[in-house]
Amino acid sequence: MTRIGLLMGATALVAAGAAYADGHSERGSDGQLNIIYWQAPSLLNPYLSGGTKELEAASLVLEPLARYDETGTMVPWLVDEIPTVANGGVSEDLTQITWTISEGIMWSDGTPLTAADAVFTWQYCTDPAGGCAQLSNYNGVSNVEAVDDSTIRITFDEPKPFPYGPFVGAQSPILQQAQFADCTGEAAPTCTEENFAPIGTGPFIVTDFKANDVATFEANENYRVASQPAFATVNFKGGGDAASAARSVLETGEFDYAWNLQVEPEILTQMEAAGQGEVVSAFGTSVERLMVNFTNPSADLGDERGTVAHPHPFLTDTAVTRALSLAIERNILVEAGYGAAGRPTCNVLPAPEVYASTNNDWCLEYNPDEANRLLDEAGWEMGDDGVRVKDGVRLSVLYQTSTNSVRQGTQALIKQMWEAIGVETELRNIDGSVFFGGDQSSPDTFQKFFADIEMYTNNFDGTDPEAYMGNWACSEIPSPDNLWLGNNMPRFCSEEYDAMVVEMSQTAALEDRAALAIAMNDMLMDAGAIIPLIHRGGVSARAASLEGVKMNEWDSELWNIAEWSRAE
Amino acid sequence: MSDQTRIVAEAVVEEDAPRSLGRDVWDQFTRHKGAMAGTAVFLFIVLAVIFGPLIHTIDPTYSDFRARNQGMSWAHPMGTDNLGKDMLAQVLQGGRTSLLVGVVAMAIAMFFGTLVGVLAGYFRRLDGPLMRLTDLFLALPILPLLLVIIMLFRDTLRSTFGPETGIFLLIVFIIGITSWMQTARIVRGDVLALKEREFVLAAKSIGTPAYRIILRHIMPNILSPIMVSATLGIATAIITESALSFLGLGFPSDFPTWGRLLYDGANFMTITPSRVFWPGLVLSLTVLSVNYIGDGLRDALDPHIRGR
């Protein structure tokens, strides 16, 4: 750099410092923000897509009444305070919640946000002809009414201990009635113009949207905070793969922010060394886990394979599943595939803190000797070929997951660890779009689970685990009768567990709910239905010059994009 | 043209002649420098993958986690991958699979291609149906076909032959069944021309049965295009298998093939370049050498070029 350059740089720094000190950052003063999501959004209406990519892209425009901050705490967004029983916002009998919209909130077209918009949003999503992707947020809602222009009252069918489903979090933002009035029911997916460019209250407005490619936004002139957003335009690009997205932020600096980087940690570290940006991560509730099949997936059973009529020949033996868990050195899996974005866990419900059990921590310690002892004791004798046998049944498992280099690495490591205790392991990987696709005609979906063990990640949105823990109720078991829909992949079924699921839906006090959640988690662990491996954090990358990023796993990652700015 | 007839006839009839066809072909072949180099390289690779694992005895699937992402060293001549698996052992093991897939798939393709080509060319009535069948196969897209076949037959084959042999059979069968068409067309063309020639007419006129004419008179003359497609077929099959592995189809992920090693290594190119360099090098060398061998064989088997 020449001396003049240096001087100019110094002057700029001083100027920037001064501006910062005065607090005079201006709307649109920081030029363009470039974001890359390697899975491109196909539309910008979160009610018509369950995908994270659409949800997050839409969160630049559409906003809920309250959302979760980076610590998982609920923060008021379009309201002044969160209604609770204490402040009278939630009725004593837990059947009503009343929200009051803050004063002066405008849609980007200059009209005021009213309670009628919220009522409309509820009607839009619950229209029986509509096929709303976020319907579960409105579970149990019997009525939403506008008491006056700024007061929304939501009534539930029965006492709702956690009434923060509707209009909270990126999954249930408020749509503008004026714009979507003609797009309800069957017309919803056909309103291309509206779905591609919804009018919102957020910091940006859509200027152009190309499905599965690129979206451009510009600052919303009617945004409630005069000095925000700092960026004048946003270029929201989709496509490519995780590694190239990471490279475009960390190495080449073409983009300012990249999302969901499931790439081997050493690759990220090396890219980060280029100095263009840094990797940010945050922990939510995602757990990479092994699901253990309690039913027999043998192809010989024809149509009855993988149904509860045929129990698994050996995986229902808790000595086996416990030994499988003990034989896994989770620290190595973390080091190989996740780095700082993962930590070993023994719970399928690892967070928030109050819900996390500490009763299963035995699994954190890698202990093949104990695993061997358990298997010996249970009568599994080591055969000549190094595979344990009992009553003619060989301890041989088929272990499937989706195609992803980190997952295949984990598979290879676990295979070696299991073979060391005499468990023969066959690996299979299936393309993610098939594995998670839910296609009825494919035998390779994670619901059908025609394997002994399968590995994937799941989590829940927000901070309340009630619906999530309900996944392992008997009624959730996928089978031909329910077209293989259901979330209980291990086919775990226990009356006691089902009773706790019901009890939780009727329990209001946080401590009691936490105790129930922990008991349910422990029950799943004791039965060996799930072998948790890694508590995974979300991983994204930001350019060094981008300020204000607060990585958030509880809501949209872009939840506070209005506060983002360019460092000088 | 009569040269060819004479030479073939010599080879077949005059068995005690001072120079055999094989000898002529070999002499011509050794004069092709590219072919000789190709043969040497190919033989070296084949011997290495067969006997290499006996010398370099590290288990290709064993991951020594402390020794991951290592560069080249005496313990790991080609370095290690991100799970600490030895690359040389994987390249050798992968070569066994890749080469076997190449050779077996090629054999299947050649068998079908020659059969269909000869039948279509020799028997006028079969020509139409068989050539339409060839067109049909040419129009089949290999990837969707593969997905369907894998979905339909994987579990059956797996329970009958075990996971690795089952998938192996599936893959060579699919590659074989989707790559015989070019051979069939070339062979048919040659047979059509040959069967009108004097020596075939002569054989016919003395009442030689069709199968004998095909085996004694036509086959030796179409050997040259078959041999050339065979060598090219090996290369194509190896490349196809690599493409399949690259897409995550085919063999289980812990079962190394050259294509899979390349695929897995691509992201690590900047950290451990040896992960893509070595599998890429052997893959390219194999395909290149096989192509040169094919080139040399074509020259050697073609009577117009031979002896010039």
Side-chain angles (χ1 to χ4, degrees), chain A residues 241-244 246-247 251 263-271 273-274 297-300 305 329 331-333 335-337 396 398-417 419-420 424-432 434 439 441-444 450-451, chain B residues 59-70 80-85 90 143-144 146-148 150-167 244-256 260-273 275:
Chain A
D241 59 74
S244 53
R247 204 178 297 282
E251 273 189 350
V263 186
E264 279 86 353
E266 56 262 53
I267 297 179
L268 280 183
T269 311
Q270 199 214 18
M271 289 179 183
S298 164
D300 304 336
R305 71 191 295 205
E329 193 168 1
N331 288 322
I332 280 190
L333 304 183
E335 205 180 317
S396 171
L398 172 61
Y399 168 16
Q400 70 179 19
T401 188
S402 68
T403 304
N404 172 299
S405 63
V406 173
R407 290 217 161 104
Q408 268 71 76
T410 307
Q411 273 189 314
L413 290 168
I414 289 183
K415 175 176 176 162
Q416 189 174 326
M417 294 165 187
E419 295 201 328
E424 186 181 50
T425 311
E426 181 196 333
L427 305 183
R428 176 181 292 170
N429 56 302
I430 299 155
D431 187 73
V434 176
D439 179 4
S441 59
S442 168
D444 288 333
F450 292 157
Chain B
D59 178 356
T61 59
Y62 176 76
S63 73
D64 176 5
F65 200 69
R66 276 154 307 183
R68 64 205 182 103
N69 291 328
Q70 288 198 346
T80 58
D81 69 8
N82 63 314
L83 300 175
K85 293 191 264 190
Q90 292 197 75
L143 278 181
L146 194 100
L147 285 171
V148 172
I150 283 192
M151 207 177 79
L152 290 180
F153 299 111
R154 187 189 53 203
D155 284 336
T156 334
L157 281 169
R158 180 175 158 256
S159 53
T160 322
F161 299 102
E164 276 141 28
T165 323
I167 290 281
L244 293 178
S245 293
F246 197 84
L247 291 168
L249 298 165
F251 291 102
S253 60
D254 57 334
F255 198 72
R260 174 166 292 284
L261 292 176
L262 263 181
Y263 171 62
D264 290 345
N267 269 339
F268 289 86
M269 212 183 305
T270 49
I271 299 177
T272 41
R275 280 191 70 177

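Treat the numbers as computed from the prediction; the structure is a model and nothing was measured. Each chain gets a letter, A, B and so on, in the order its sequence line appears, and its residues count up from 1.
Rounded to the nearest 0.5 Å, atoms CE (B/Met269) and CD1 (A/Ile267) are 10.0 Å apart. Expressed to the nearest 0.5 Å, how far CG of B/Leu83 lies from CD of A/Glu264 amounts to 8.0 Å. Atom CD of residue A/Glu335 and atom CG of residue B/Asn82 lie 11.5 Å apart, to the nearest 0.5 angstrom. For the atom pair CZ of B/Arg260 and CD of A/Gln408, the computed distance is 7.0 Å after rounding to the nearest 0.5 Å.
If you measure heavy-atom distances from A/Gln270 to chain B, the contacts under 4.5 Å come from the side chain alone. With a threshold of 4.5 angstrom between heavy atoms, A/Glu419 does not approach chain B through any atom at all. Proximity to chain A involves both the backbone and the side chain of B/Thr270, based on heavy atoms less than 4.5 angstrom apart. Interface remark: B/Asn69 contributes side-chain atoms only to the contact with chain A (heavy atom separation under 4.5 Å). With a threshold of 4.5 angstrom between heavy atoms, A/Arg407 does not approach chain B through any atom at all. Residue contact with chain B, scored on non-hydrogen atoms closer than 4.5 Å, involves the side chain of A/Ala299 exclusively. At a 4.5 Å heavy-atom cutoff, the contact between B/Tyr62 and chain A is made by backbone and side-chain atoms alike. Interface remark: B/Asn267 contributes backbone and side-chain atoms alike to the contact with chain A (heavy atom separation under 4.5 Å).
The backbone N or O of B/Ser63 sits less than 3.5 Å from a side-chain atom of A/Gln416, completing a donor-acceptor pair.
Legend: residues meeting side chain to side chain donor-acceptor pair (under 3.5 Å) with A/Ser396, ordered by chain and number and at least two apart, are A/Glu424. Taking A/Glu251 as the reference, A/Arg247 meet the salt bridge (charged side-chain N to carboxylate O under 4.0 Å, His left out) condition, with sequence neighbours excluded.
Per-residue heavy-atom pair counts under 4.5 Å with chain B were compared for A/Ala243, A/Ala336, A/Gly337, and the maximum is reached by A/Ala336.
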